[in-house]
Protein chains: 4
Amino acid sequence: MGEKNRRSAILAVASHLFAEKGYSNTTTAEIAQEAGVAEGTLYHHFGSKDGIFLTIFDEMAEEYLAGAERLAGDGKTGAETLSGLIRFHFEYLERNKTRFLVILRDFPNHLAADRDGRPAEIRNRFSRMTDILSLVLTKGFHDGTLRPSFPVRDTAGLLRGILYGTTRHSMLGIIDVPLSRLSRMVEGYCLQALSPDSRAGGKRGKGGKK
Amino acid sequence: MGEKNRRSAILAVASHLFAEKGYSNTTTAEIAQEAGVAEGTLYHHFGSKDGIFLTIFDEMAEEYLAGAERLAGDGKTGAETLSGLIRFHFEYLERNKTRFLVILRDFPNHLAADRDGRPAEIRNRFSRMTDILSLVLTKGFHDGTLRPSFPVRDTAGLLRGILYGTTRHSMLGIIDVPLSRLSRMVEGYCLQALSPDSRAGGKRGKGGKK
Amino acid sequence: MGEKNRRSAILAVASHLFAEKGYSNTTTAEIAQEAGVAEGTLYHHFGSKDGIFLTIFDEMAEEYLAGAERLAGDGKTGAETLSGLIRFHFEYLERNKTRFLVILRDFPNHLAADRDGRPAEIRNRFSRMTDILSLVLTKGFHDGTLRPSFPVRDTAGLLRGILYGTTRHSMLGIIDVPLSRLSRMVEGYCLQALSPDSRAGGKRGKGGKK
Amino acid sequence: MGEKNRRSAILAVASHLFAEKGYSNTTTAEIAQEAGVAEGTLYHHFGSKDGIFLTIFDEMAEEYLAGAERLAGDGKTGAETLSGLIRFHFEYLERNKTRFLVILRDFPNHLAADRDGRPAEIRNRFSRMTDILSLVLTKGFHDGTLRPSFPVRDTAGLLRGILYGTTRHSMLGIIDVPLSRLSRMVEGYCLQALSPDSRAGGKRGKGGKK
DNA sequence: AATGAATGAGAATTCATTCAT
DNA sequence: GATGAATGAATTCTCATTCAT
């Protein structure tokens with residue numbers, strides 16, 4: 001086993017164990033043993049148990065966001081891009097189930113907690129996704145393929161919540177819908193909700209009960 | 001101080017602390033001290049720390065589900081009932097922010113883990129909500145006010161994911177949209193997505209013009 | 001072994017081990033085992049390893065200072081009181097060798113370190129001794145039995161340095177003078193240095209070389 | 001960067017860090033980083049962390065003792081030499097505050113501990129100072145400028161304790177007397193205590209008037 | 001029912017030192 | 001000489017739970 005591989009061996013083992021048993025039920029001793037390194041080596045490379053988690057998270061987030069940004073940048077219409085993004089989201093998670101389960105299962109909450117009054121750095125990752133979605137919605141609004149009935153940024157936030165919530169419930173088995181079917185459903189419903197063809201605008205919802 | 005009061009004092013204090021610091025960062029010693037009882041008393045009433053959490057969760061889930069079931073059972077149309085449910089959801093959480101934060105922050109994952117191959121009892125709570133939503137969707141389908149483009153049960157699951165994900169992101173500050181605005185947005189978009197007025201389904205959306 | 005005794009058993013064992021092996025070379029596991037209690041019990045009673053040390057220190061400091069204050073308050077002349085204090089100092093340490101060795105050997109330095117810019121609380125103990133000595137010097141100055149050639153408070157500080165340094169060197173074996181002889185020497189030299197009978201005042205030292 | 005410079009860079013950085021944070025709170029990794037060398041390099045030059053400390057200590061002790069021996073050897077009277085030694089002591093420490101703080105703060109006690117029943121080598125350094133002081137006291141006794149009321153070697157030991165204790169308390173801020181004032185005070189009081197002019201010994205002080 | 005002292009099985013982390021390159 | 005990745009033993013502290021009173 002080469003030197004470079006020690007680092008990735010640790011990450012692979014940790015991903016696996018975190019996904020299987022949860023973050024807090026996995027001990028650093030276990031990770032070290034399974035990866036065939038000394039416990040100190042974990043700390044040499046990642047500084048702390050949290051550091052291991054953060055590295056896994058960062059690498060995945062970077063990959064995911066890079067993929068999403070690539071899609072958002074190509075020349076299609078807004079609606080097509082939104083479709084593409086939603087498909088990409090579910091395909092990516094299907095391919096990275098293990099690593100994403102780590103995050104879903106028990107994201108170490110203190111990592112997202114604000115420290116000293118400033119938002120945790122991890123939040124920046126999150127907001128990049130809102131930026132991408134906002135961009136796509138704006139594009140669709142201009143090219144006439146999408147008509148958000150609420151402010152673009154709020155709608156982007158809503159979409160993020162939808163993607164997160166549905167993905168989570170499916171992956172944790174809370175609802176009995178596999179990711180592949182979920183992908184088609186979210187795509188279908190979102191486009192319909194944002195469709196410019198629809199006469200029934202969101203505004204109605206704002207106005208009154210009936 | 002009567003016996004009943006001790007019990008509720010403990011629950012109130014625990015809700016508060018769990019919401020503020022998270023389940024695992026709250027010690028039983030702390031709960032006991034703030035509630036003004038001995039640590040052993042916690043165990044007389046709730047058997048374990050998990051027992052305290054489960055009691056809080058159960059009480060809230062029962063209230064929530066009872067409210068949702070009441071709404072689902074009245075004589076309105078499917079679309080109106082769905083609107084009502086969504087509004088109820090966000091209003092209820094607005095009124096019970098603290099207790100719900102307990103669940104959002106760091107739900108003790110082992111409580112939802114399957115034990116001995118059988119699904120955790122806590123899952124039953126969850127599935128009741130799917131039942132309610134399925135009922136409403138079916139009603140709307142029959143009275144012509146809703147037209148789900150996917151199987152009713154799957155759509156109900158999707159709606160649960162949407163409600164959970166958007167609520168979570170808002171309450172944890174991951175997106176910058178308050179619950180009240182979110183309520184109107186979710187209501188608007190969901191009705192539009194499920195609207196029978198729209199001929200253009202998500203898959204076919206690109207084609208149809210009228 | 002009664003319940004009260006657990007606490008004192010821990011203190012006795014800890015004093016012994018700290019004196020013998022030094023603070024940092026003594027593990028909490030060792031203390032617990034020798035005291036016949038669980039390790040957690042240490043933390044139940046003292047909160048931390050430092051807490052154990054601090055308790056030992058405080059109890060001794062309190063005893064010592066109480067004794068010194070009692071002596072300083074009786075009706076003798078300043079010089080007699082100073083003699084008494086010096087004798088008391090060495091006798092007390094002779095009787096409490098073990099506990100004092102704990103402090104001499106390796107006082108956990110971080111305990112005396114200023115935190116957040118404010119002096120450590122432990123300093124207050126120290127300054128009480130300066131107060132006592134200042135009082136005695138002042139008394140001696142008024143009744144004519146002592147004539148400090150430098151400001152009273154500075155001289156008191158000097159005396160504390162003398163007591164500490166000579167005691168330390170003797171107890172750690174750095175100099176080959178037992179405490180009992182040291183006591184007589186310090187008493188003799190201090191009284192002579194502060195004696196009003198001496199023509200050669202400290203002022204000479206201040207003035208010139210010759 | 002030449003080889004010599006690496007060595008002294010390490011010593012300078014280590015002195016600084018030891019003085020600031022204490023020996024045990026300074027890690028070898030830190031020293032290496034601040035000195036701009038690899039951690040292994042520390043071990044090439046000094047063999048161990050203790051080795052670094054010992055080198056700093058030895059260099060300073062050698063300088064100090066050489067200076068003291070030089071003073072002790074010149075042709076002045078005993079009293080003048082003692083004055084000179086005391087002034088030298090405080091001046092030297094004033095000029096070498098940082099390095100001396102290293103030793104005061106938390107001298108690694110195991111280095112002074114007897115090993116295999118034999119006194120630690122570091123003790124030899126200490127005893128050289130007693131030799132010097134003994135010499136000076138003897139000289140003063142013969143030329144009539146000093147009259148120790150106790151055996152010369154014991155008195156020398158006492159003086160060392162006085163110098164150590166007062167210096168320590170001042171440098172650690174335990175007493176509020178700067179080194180320069182302390183120097184004059186120690187000089188004044190020591191000469192007075194050892195003065196042949198004073199007939200009144202510590203024990204007999206009360207009696208004699210003239 | 002209520003108490004709260006006692007428990008004890010962990011778990012993360014530190015860091016001086018080594019050694020192959 | 002110089003490097004710095006790897007080591008791994010050692011240690012403090014946590015905290016849910018128990019049980020005698």
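Letters A, B, ... are given to chains in the order of the sequence lines, protein chains preceding strands, and every chain is numbered from 1.
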What is the distance from [atom1] of [X] to [atom2] of [N], rounded to the nearest Å?
| X | N | atom1 | atom2 | result |
| --- | --- | --- | --- | --- |
| D:Ile10 | F:dT3 | CD1 | P | 9 Å |
| A:Lys49 | E:dA11 | NZ | P | 9 Å |
| C:Phe46 | E:dA6 | CZ | C1' | 14 Å |
| D:Ile31 | E:dC15 | CD1 | P | 12 Å |
| C:Gln33 | F:dT12 | CD | P | 14 Å |
| B:His45 | F:dT17 | NE2 | P | 16 Å |

Within the structure shown, what part of the strands sits under 4.0 Å from B:Ser24 by heavy-atom distance: base, sugar-phosphate, or nothing?
nothing
Which part of the nucleic acid does A:Thr27 contact within heavy-atom distance under 4.0 Å: base, sugar-phosphate only, or nothing?
sugar-phosphate
Want to settle it: does B:Ala38 or D:Tyr23 sit nearer the 5' end of DNA chain E, counting the closest nucleotide to each?
B:Ala38
side-chain N/O A:Arg6 vs F:dG4 OP1/OP2, d < 4.0 Å
no
Show me the pairs that pass salt bridge (charged side-chain N to carboxylate O under 4.0 Å, His left out) and involve residues 9-27 of chain A, at least two apart or across chains.
A:Lys21-A:Glu30
Nearest-nucleotide check on DNA chain F, B:Tyr43 vs A:Glu39; residue mapping nearer the 5' end is A:Glu39
Using 30° and 60° as the class boundaries, would you call the ring planes of B:Tyr23 and B:Phe53 parallel, tilted or perpendicular?
perpendicular
Heavy-atom count around A:Gln33 CD within 6.0 Å, excluding the residue itself: above 12?
no
F:dA6 pairs with which nucleotide, Watson-Crick or G-U wobble, both distances below 3.5 Å?
E:dT17
For the side chain of D:His44 and the base of F:dA2, is some donor closer than 3.5 Å to an acceptor across the two?
yes
Member of A:Thr98, A:Ile103, A:Ile52 meeting the side-chain contact (heavy atoms from CB on, under 4.5 Å) criterion with A:Phe18:
A:Ile52
